[in-house]
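A short write-up of the structure that comes next.
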Amino acid sequence: MSDSAVSRAGSTPAVAIRDLRFAYVAGREVIDIPTLEFAAGETVFLHGPSGSGKTTLLSLIAGVVTPRAGHLTLLGTDLTTLSSGARDRFRAAHLGYVFQMFNLIPYLSVRENITLPCRLSASRRSRVTDPEAAAQALAERLEIAGLLDSRVTALSVGQQQRVAVARALIGAPELIVCDEPTSALDADRRDRFLELLFANVAEAGSTLLFVSHDLSLAGRFDRTLALRELNRAATMGGI
Amino acid sequence: MFLLSLAWRSLRNRAVISGLTLLSIALSVALLVGIEHIRRGVRESFAGTIKGTDLIVGARGGTTQVLLSTVFGMSTPTGSVSWATYERWRAHPAVRWTIPYALGDAHKGQRVIGTTAEFFTRYRFRDRSVTFAEGGPPDTDREVAIGAEVAERLGYTLGSEVVLAHGVAAVSFAEHTAHPFIVSGIIDRTFTPIDRALYVTLDGLTAMHEAEEGAGGLMMGPPTPQTEGPAPITAFLVGTKNRFETLQLQREMNEDRSEPLTAIIPGVALAQLWQTIGSAEVGLRVVATLTLIVGLIGMCVALFASLESRRREIAILRAVGAGPRTIVSLLVLESGVLVTLGAITGVVMVYGGIVLARSAVEARFGVALTLHPLGSTEWIYLGVIVVAGTLVGLLPAWRAYRNSLADGLSPSL
């Protein structure tokens with residue numbers, strides 16, 4: 001398993017993909033990426049229309065689905081060589097994930113939602129001295145400190161997305177993956193959300209992989225990639 | 001432990017469905033455990049029909065027939081026992097007391113029993129003795145004490161005049177009109193066959209038959225009164241001085257050649273009888289078990305139904321690092337929590353129900369429900385229920401696992 005100090009130094013790419021192929025149904029590939037690499041600490045904007053395999057690629061990077069062929073290396077660890085249990089542990093330790101919406105467990109409080117990764121993963125837990133204090137600090141930075149003990153159902157969409165960012169960032173994982181996190185926000189809230197996201201990702205020193213179809217956001221990122229151009233399965237018509 | 005709290009809070013989040021599922025399991029468990037309690041109560045009440053009597057002795061015949069005719073007022077007596085033989089056994093050194101029973105007459109379908117004052121002092125049922133709601137035992141040959149049900153059904157009160165008939169049919173040809181009786185006492189409800197019987201003195205019974213002969217009535221049934229000495233009886237109850245002598249005394253009586261007798265030990269005979277009639281309880285158990293299966297299927301359905309709305313929740317858990325095993329554990333824990341709480345609630349319902357309904361049930365049915373701790377049968381039931389219920393949770397858990405693999409991190413909503 002990779003050492004976080006190495007990945008932060010920049011010598012090991014956060015994500016390295018080679019000849020990655022995936023199909024839900026045999027013969028109908030949705031992912032076919034010859035090569036793709038994200039440097040540690042890089043902020044990457046990945047855009048593509050629906051059907052271009054965005055969500056599938058993110059599931060592959062998160063290690064929730066397994067590629068049919070090729071290599072997918074996260075922080076120097078080839079996920080394809082790991083058992084599914086080891087991939088789950090790896091994800092819990094090194095990856096923060098933000099969904100488009102409905103990010104939160106409805107029956108847990110805001111605070112419990114933020115500390116959830118620390119409860120499910122011992123190694124993520126070991127990255128913070130005190131999960132409660134870490135949650136408090138993140139909440140303050142994301143301007144949701146006053147909501148920590150609220151029911152998540154009482155929160156606005158914008159507030160929910162910030163809670164999701166806090167959860168993704170707790171323990172400062174090396175890689176933050178956001179799957180269209182702003183699509184449910186209006187322009188003002190979206191800009192504020194992105195500001196807070198960038199500030200906190202920079203603070204944590206994490207690599208940010210941000211997926212969206214809204215190209216107007218691309219200017220803020222170090223690099224912009226079009227999945228359509230990377231993914232041969234998508235250019236061939238996809239699904 | 002964290003998963004357990006997660007499971008608990010997830011269940012609480014779906015409070016209505018969880019509550020209803022829990023209730024259906026609790027009701028099934030209550031039915032199963034309740035039937036077990038009632039079964040035990042009925043058996044104890046049945047076994048308590050006669051207590052404290054060491055031997056029941058009748059003319060030579062079947063064990064069940066002696067028991068039925070003497071204790072339950074059913075079937076016909078096995079025959080008669082001569083007064084001399086009765087006297088001889090009463091004087092036996094091992095015998096402490098005896099209660100003679102002369103059966104064979106009836107009043108409007110209710111049994112008439114000729115006995116002595118010993119009956120009212122010695123007879124025991126469920127550790128109680130015969131007590132009177134009004135009046136007292138018959139003293140003279142014109143007095144009759146009646147059971148609570150007889151009084152209720154026939155509307156008799158103290159001082160009512162009762163004309164007894166010969167034979168046990170509801171409509172009798174030969175009514176002993178020449179010798180009417182007066183109600184001297186009404187016996188407290190016992191919930192035993194005593195409630196359905198009338199008690200007269202042995203003299204009263206003899207006087208009734210003599211009066212009938214004098215009046216030229218028709219004579220059937222119990223043997224003609226002897227010219228000398230009191231009339232024969234049909235059975236007698238024996239209390240021994242020392243319980244250990246009971247078996248010896250029983251053997252002596254059964255082997256005596258002067259007059260062939262059958263002596264039975266009430267407890268043993270009751271247990272044998274219960275074996276034959278107790279099989280009805282198997283049917284009850286089958287019904288209760290089926291109810292439980294329905295309850296478990298209901299739980300399975302409820303968990304399945306919740307899965308669709310929980311795909312998102314499961315995807316979130318997956319995203320923050322939960323493996324499929326964690327997801328399966330979570331759902332199995334949920335079913336485990338539901339079924340365990342359901343079982344506990346069911347048992348509490350049974351005990352609460354017994355506390356509340358105990359006196360009413362005893363007054364109405366004569367079944368004494370007792371609060372006893374769960375027996376081994378009940379523990380086995382509960383164990384099977386909890387294990388089966390938890391395993392039932394594996395089905396939706398397996399489905400959730402499959403879903404989470406197919407959905408990846410983006411359940412289509």
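The structure presented is a predicted model; accordingly, all values stated were derived computationally and were not measured. For the numbers below, each heavy atom of this structure counts, side chains included, while hydrogens, waters and symmetry mates do not. Note on naming: letters A, B, ... go to the chains in the order of the sequence lines (proteins, then strands), and numbering restarts at 1 for each one.
- Summarising the geometry of A:Ala92 relative to B:Gly321, their closest heavy-atom pair is CB-CA, 3.5 Å, with the distance given to 0.1 Å.
- Within 6.0 Å of the CD1 atom in B:Ile17, the count of heavy atoms belonging to other residues, nucleotides or ligands does not exceed 12.
- The 12-atom threshold is not exceeded at CZ of B:Arg325, counting heavy atoms of other residues, nucleotides or ligands nearer than 6.0 Å.
- Residues A:Leu116 and B:Leu317 are in side-chain contact: their nearest non-hydrogen atoms beyond the backbone lie under 4.5 Å apart.
- Only the side chain of A:Arg167 comes within contact range of chain B, judged by heavy atoms closer than 4.5 Å.
- Neither the backbone nor the side chain of A:Gln100 comes within less than 4.5 Å of any heavy atom in chain B.
- Note that B:Arg312 lies in the cation-pi zone of A:Phe99, set by a 6.0 Å cut-off to the ring centre and a 45° limit from the axis.
- Annotation for B:Trp274: atom CH2 counts as buried by contact number, over 12 foreign heavy atoms lying within 6.0 Å.
- Taking the charged nitrogens against the carboxylate oxygens, A:Asp88 and B:Arg318 do have a contact shorter than 4.0 Å, which makes a salt bridge.
- Heavy-atom pairs under 4.5 Å with chain B peak, among A:Leu95, A:Asn103, A:Leu60, at A:Asn103.
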*asked:* Let's go through B:Thr326 and A:Leu120 carefully: what are the C-alpha distance in whole Å and the side-chain angles of both, what is the deciding distance for side chain to side chain contact (heavy atoms under 4.5 Å, CB included) to 0.1 Å, and is it a yes or a no?
replied: CA-CA 9 Å; B:Thr326 311; A:Leu120 285 171; 4.2 Å; yes
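- By the 6.0 Å contact criterion, CZ on B:Arg9 is enclosed, its count of non-hydrogen atoms from other residues, nucleotides or ligands being greater than 12.
- More than 12 heavy atoms of other residues, nucleotides or ligands lie within 6.0 Å of CZ in A:Arg111, so this atom counts as buried by the packing criterion.
- Taking CG from B:Asn13 and CG from A:Leu108, the interatomic distance works out to 9.0 Å, rounded to the nearest 0.5 Å.
- A pairwise comparison of heavy atoms in B:Leu6 and A:Tyr107 identifies O-CE1, 3.6 Å as the closest pair.
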